[in-house]
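First listed ligand is number 1; within each ligand, the first listed atom is number 1.
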Amino acid sequence: MFQYTIGFIGTGNMGAALVRAACKGIGPQQVVVTNHTPAKAQALAKEMGCQVVLTNEEVVRQSKFIMLGVKPHILPEVLRQIAPVVKECTDQGEEKILVSMAAGVTMESIYQHLNLPDRVPALRIMPNTPAAIGKGMTLIHPECCKPELVDEFETIMAQSGRFDRIGENLADAAGAASGCVPAFAYLFMEGLADGAVMAGVPRQKAMTYVAQAVLGAASLVLESGQHPGALKDAVCSPGGSTIVGVSKLEEGGLRSACIQAVAGSAEKNKQLGK
Ligand SMILES: NC(=O)c1ccc[n+]([C@@H]2O[C@H](COP(=O)([O-])OP(=O)(O)OC[C@H]3O[C@@H](n4cnc5c(N)ncnc54)[C@H](OP(=O)(O)O)[C@@H]3O)[C@@H](O)[C@H]2O)c1
């Protein structure tokens, strides 16, 4: 019988962010972790107060939900490694739910690498790193899981932020819009802060002002439901300073670059799964 509600294989950037959310949500005593380099999992476990084990098989044996937090090219090897234990446990009537966060890797290929006679319930998710502080956006592809188990997963991970259940046919595209966008936003913010520094604002203050402005703008879009174009218009006074900045961004091709960035990441997601 499982001892922990959720176990993590791989505590890198994304895995660790979700470990933090799970520990806050259901308490660290229900969370177990492991990692290729054990010291990484041990440091996280020490910080969060959750348990650590030394092998991937042990995580499977001891957990109900098994989070696969390794890179897409490592996932097949991990699936082949844990498959016998998944079978042994499910043959004994235990419920095991596999949760993959690997970009581009389809449910079909997950089952192929597991190569088990019966399909265990599995979820494909696309989270992002702001999950560590409760501001994440996690897409859930729920096709291979009973709705009750998806509900349970959302409850366990409730402290990670928002969820949306969406068909796997949109995984690569929607995953680019949630998983990759934080990196684009950091780049944008770094550039804005550089501009403020160039204009004479001290670096630390520039970062704070820019980050709070971006946070406020994003919150306004979500909470007001207004189109970002309308909100932009409301900030641009005729003949004012903001519209000058807007025209500089357009000169630099900001919107076109954003379109290409998300579309390019979506395309790469598609290739990662092949
Ligand atoms: N980063 C993001 O924002 C993001 C967003 C959405 C989805 N994802 C997905 O999340 C997954 C992890 O990405 P990441 O950015 O967190 O990568 P990462 O920081 O490199 O983390 C991967 C972790 O897996 C560990 N690992 C490697 N082989 C292992 C094995 N055989 N058994 C157990 N652990 C193993 C690594 O340990 P060592 O370092 O000791 O080798 C590392 O800690 C990927 O599939 C990615 O597509 C990431």
Should the ring pair F153 and F65 be called parallel, tilted or perpendicular, given that the plane angle runs from 0 to 90° and is split at 30 and 60?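 Taking F65 first and then F153, their aromatic rings sit tilted (interplane angle of 30° to 60°).
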
Out of the candidates T138, I125, V70, only one should pair with M101 under the side chain to side chain contact (heavy atoms under 4.5 Å, CB included) rule; please name it. I125

Give the atom numbers and elements of ligand 1 that come within less than 4.0 Å of a heavy atom of [X].
| X | result |
| --- | --- |
| P72 | 44 (C), 45 (O), 47 (O) |
| A102 | 45 (O), 47 (O) |
| G69 | 11 (C), 12 (C), 22 (C), 23 (C), 24 (O) |
| I9 | 33 (C) |

Distance to 0.1 Å, residue and atom name: give those for the protein heavy atom nearest to [atom].
| atom | value |
| --- | --- |
| atom 47 (O) of ligand 1 | A103 N, 3.0 Å |
| atom 15 (O) of ligand 1 | K71 NZ, 3.4 Å |
| atom 37 (O) of ligand 1 | N35 ND2, 3.1 Å |
| atom 19 (O) of ligand 1 | N13 N, 2.9 Å |
| atom 3 (O) of ligand 1 | T129 CG2, 3.6 Å |
| atom 40 (O) of ligand 1 | T37 OG1, 2.3 Å |
| atom 44 (C) of ligand 1 | V70 O, 3.3 Å |
| atom 32 (N) of ligand 1 | N56 ND2, 3.1 Å |

Would you say [X] has any N or O atom under 3.5 Å from an N or O of ligand 1, going by distance alone?
| X | answer |
| --- | --- |
| V78 | no |
| H36 | yes |
| K40 | yes |

Transitive ILVMFWY side-chain link [X] to [Y], under 4.5 Å:
| X | Y | answer |
| --- | --- | --- |
| L98 | L116 | yes |
| L68 | I6 | no |
| F8 | I140 | yes |

Audit row: K248, E250, salt bridge (Lys or Arg N to Asp or Glu O under 4.0 Å) steps and yes/no: CA-CA 5 Å; K248 296 282 179 198; E250 292 292 9; over 6 Å; no

Assess whether a salt bridge exists between [X] and [Y], defined as any Lys/Arg side-chain N lying under 4.0 Å from an Asp/Glu carboxylate O.
| X | Y | result |
| --- | --- | --- |
| E108 | R124 | no |
| E47 | R20 | yes |
| K146 | D151 | no |
| E88 | R61 | yes |

Ligand 1-proximal atoms of [X], by part, heavy-atom distance under 4.0 Å:
| X | result |
| --- | --- |
| I74 | side chain |
| T11 | backbone |
| L272 | neither |

Which residue from G175, G12, S178 reaches closest to atom 23 (C) of ligand 1 through any of its heavy atoms?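 It is G12 that holds the nearest heavy atom.
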
Option of least heavy-atom distance to atom 8 (N) of ligand 1 (set: Q81, M101, M67):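 It is M101 that holds the nearest heavy atom.
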
Of all the heavy-atom pairs spanning K96 and I66, show the shortest one and how long it is. CD-CD1, 3.8 Å

Pair E77-Q81, side-chain donor/acceptor within less than 3.5 Å: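 Side-chain D/A pair, E77 to Q81: absent.
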
